[in-house]
Structures are given as structure tokens and as C-alpha cells.
Amino acid sequence: MDLGLLGAGLVLGITAIGSAIGIGSCAQAAIGAWKKCFTTNKPAPMTLLVFAGFPLTQIFYAFILLGTLKNAAETTPENGILYFGFAIAAGLAIGATAIVQGKAGAAACDALCETGKGFAQYISVISISEPVALFTMVFTMISL
């Protein structure tokens with residue numbers, strides 16, 4: 001078994017799980033916030049979809065990293081265990097940022113529907129974890 005190639009696939013799979021969890025938690029909050037708006041006859045802001053979509057970007061980083069890991073594993077298969085380790089660590093780190101974004105997005109959904117204010121501030125807070133995913137991708141690629 002080629003652990004390096006296995007790792008290349010796992011980086012995407014692990015990240016996708018994190019993205020799904022983040023999107024799911026924020027989507028549930030958006031639906032709850034919209035329900036609150038509907039029951040109180042307030043306008044239901046469609047901007048909540050922006051919050052729910054934030055955790056999706058991590059999949060792009062993982063896909064880029066998958067290509068780099070795949071190339072490295074095919075070029076030097078003797079380093080397969082090293083690539084496997086990088087892939088697991090990077091997948092967990094990038095996936096975790098998606099989960100964190102989903103949780104922050106969930107809080108933003110509730111706050112925006114309740115107050116109707118603060119969209120730019122909420123986007124700013126949700127975005128704080130994005131560089132963690134980017135740096136993980138870049139530093140892993142450099143390390144390979």
C-alpha cells in the first residue's frame with residue numbers, strides 16, 4: 001500500500017468532513033434564525049447564506065494540497081509515511097477551521113436576525129480562522 005497516495009486522498013476527505021460539519025451547524029442556525037424572523041414578522045435576511053457558505057472554502061485548499069501530496073508521493077514513494085503524516089495533520093487542521101467557521105457563523109446568524117445589524121463585523125470574525133487553513137496549506141506544501 002502506498003501511504004503517500006492514501007494520505008493525498010485523506011487530506012481531502014478529512015477536510016470535507018470538517019466542512020460538512022461547519023456548514024451543517026451554521027445552516028441549522030440560519031434556519032432557526034429565519035424561523036425567529038418569520039414568527040416575529042421581521043424580514044428574513046438572505047445574507048445568512050453567506051455565513052453558512054464560509055466553511056466550504058477549506059475544500060479548495062485541501063484539493064490544492066491533494067495535488068501537491070499526490071505529486072510528491074508519486075515522485076518519491078519511499079517517503080510515503082512522511083506524506084501520510086503531513087496529510088492527516090493538514091486535513092485535521094484545515095477541517096477544524098471549517099468547523100470553527102460554522103460555529104461562528106451560527107452565532108452570527110442569530111445575532112443578525114435579532115438585531116439586523118453587524119453584518120460586516122460578523123464576517124470579520126468568521127474570517128479570522130481562514131488564514132489558519134491557508135497557512136496550513138502553504139506551509140505543508142513548502143515542507144514537502
Side-chain angles (χ1 to χ4, degrees), residues 1-37 42-144:
M1 178 184 344
D2 189 338
L3 288 176
L5 289 175
L6 177 61
L10 284 174
V11 74
L12 184 61
I14 292 169
T15 299
I17 291 168
S19 288
I21 292 168
I23 291 166
S25 61
C26 191
Q28 290 176 45
I31 291 168
W34 283 327
K35 177 186 168 197
K36 213 186 295 185
C37 287
K42 287 174 139 182
M46 290 304 292
T47 53
L48 302 189
L49 291 173
V50 173
F51 301 147
F54 258 90
L56 185 61
T57 60
Q58 276 66 8
I59 293 177
F60 294 113
Y61 307 141
F63 183 71
I64 293 166
L65 190 52
L66 177 149
T68 304
L69 281 162
K70 185 175 178 281
N71 289 340
E74 290 173 342
T75 306
T76 53
E78 64 275 6
N79 293 335
I81 189 75
L82 175 70
Y83 304 140
F84 183 80
F86 271 114
I88 297 295
L92 288 171
I94 296 170
T97 63
I99 293 169
V100 168
Q101 283 183 334
K103 288 182 175 188
C109 287
D110 181 57
L112 185 67
C113 275
E114 190 170 319
T115 66
K117 299 175 183 176
F119 180 76
Q121 289 89 342
Y122 305 145
I123 289 289
S124 298
V125 170
I126 295 169
S127 300
I128 289 172
S129 64
E130 193 77 17
V132 174
L134 278 166
F135 293 155
T136 299
M137 177 192 72
V138 170
F139 295 159
T140 301
M141 291 169 72
I142 289 169
S143 297
L144 296 174

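Computation of the quantities below employed the complete heavy-atom set of this structure, encompassing side-chain atoms and omitting hydrogens, waters and symmetry-equivalent molecules.
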May I ask you to test the [X]-[Y] pair for a side-chain heavy-atom distance under 4.5 Å?
| X | Y | value |
| --- | --- | --- |
| Ile31 | Lys35 | no |
| Trp34 | Met46 | yes |
| Pro45 | Cys113 | yes |

Heavy atoms only: give me the nearest [X]-[Y] pair and the separation to one decimal.
| X | Y | result |
| --- | --- | --- |
| Gly105 | Ile126 | CA-CD1, 3.6 Å |
| Val11 | Ala87 | CG2-O, 3.6 Å |
| Leu69 | Gly7 | CD1-O, 4.5 Å |

For Phe84 and Leu10, run side-chain contact (heavy atoms from CB on, under 4.5 Å): C-alpha distance rounded to whole Å, both residues' side-chain angles, the deciding distance at 0.1 Å, then the answer. CA-CA 8 Å; Phe84 183 80; Leu10 284 174; 3.5 Å; yes
Identify, with sequence neighbours excluded, every residue that meets salt bridge (charged side-chain N to carboxylate O under 4.0 Å, His left out) alongside Lys42.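 For Lys42, no residue satisfies salt bridge (charged side-chain N to carboxylate O under 4.0 Å, His left out) once neighbours in sequence are set aside.
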Taking it one step at a time, do Cys109 and Tyr122 satisfy side-chain contact (heavy atoms from CB on, under 4.5 Å)? CA-CA 9 Å; Cys109 287; Tyr122 305 145; over 6 Å; no
Tyr83 side-chain N/O to Lys70 backbone N/O, donor-acceptor pair under 3.5 Å: no
Rounded to the nearest 0.5 Å, how far apart are [atom1] of [X] and [atom2] of [Y]?
| X | Y | atom1 | atom2 | answer |
| --- | --- | --- | --- | --- |
| Leu5 | Leu66 | CG | CG | 9.5 Å |
| Leu3 | Leu82 | CG | CG | 11.0 Å |
| Asp110 | Leu48 | CG | CG | 10.0 Å |

Got a list of side-chain donor-acceptor pairs under 3.5 Å for residues 131-144, not counting sequence neighbours?
{"unit_1": "Thr136", "atom_1": "OG1", "unit_2": "Val132", "atom_2": "O", "d": "2.7"}
{"unit_1": "Thr140", "atom_1": "OG1", "unit_2": "Thr136", "atom_2": "O", "d": "2.6"}
{"unit_1": "Ser143", "atom_1": "OG", "unit_2": "Phe139", "atom_2": "O", "d": "2.8"}

N/O donor-acceptor pairs under 3.5 Å from side chains in residues 16-26, not counting sequence neighbours:
{"unit_1": "Ser19", "atom_1": "OG", "unit_2": "Thr15", "atom_2": "O", "d": "3.4"}
{"unit_1": "Ser19", "atom_1": "OG", "unit_2": "Pro55", "atom_2": "O", "d": "2.7"}
{"unit_1": "Ser25", "atom_1": "OG", "unit_2": "Ile21", "atom_2": "O", "d": "3.3"}
{"unit_1": "Ser25", "atom_1": "OG", "unit_2": "Gly22", "atom_2": "O", "d": "3.1"}

Would you please name every residue forming a ring-ring contact (aromatic ring centres under 6.0 Å, His included) with Phe51, sequence neighbours left out? Phe119
Please enumerate all residues that pass ring-ring contact (aromatic ring centres under 6.0 Å, His included) together with Phe60, with sequence neighbours excluded.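 Result, ring-ring contact (aromatic ring centres under 6.0 Å, His included) vs Phe60: none returned.
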For residues 89-98, which side-chain N or O atoms pair as donor and acceptor with protein atoms under 3.5 Å away, sequence neighbours left out?
{"unit_1": "Thr97", "atom_1": "OG1", "unit_2": "Gln58", "atom_2": "NE2", "d": "3.1"}
{"unit_1": "Thr97", "atom_1": "OG1", "unit_2": "Ile94", "atom_2": "O", "d": "2.6"}

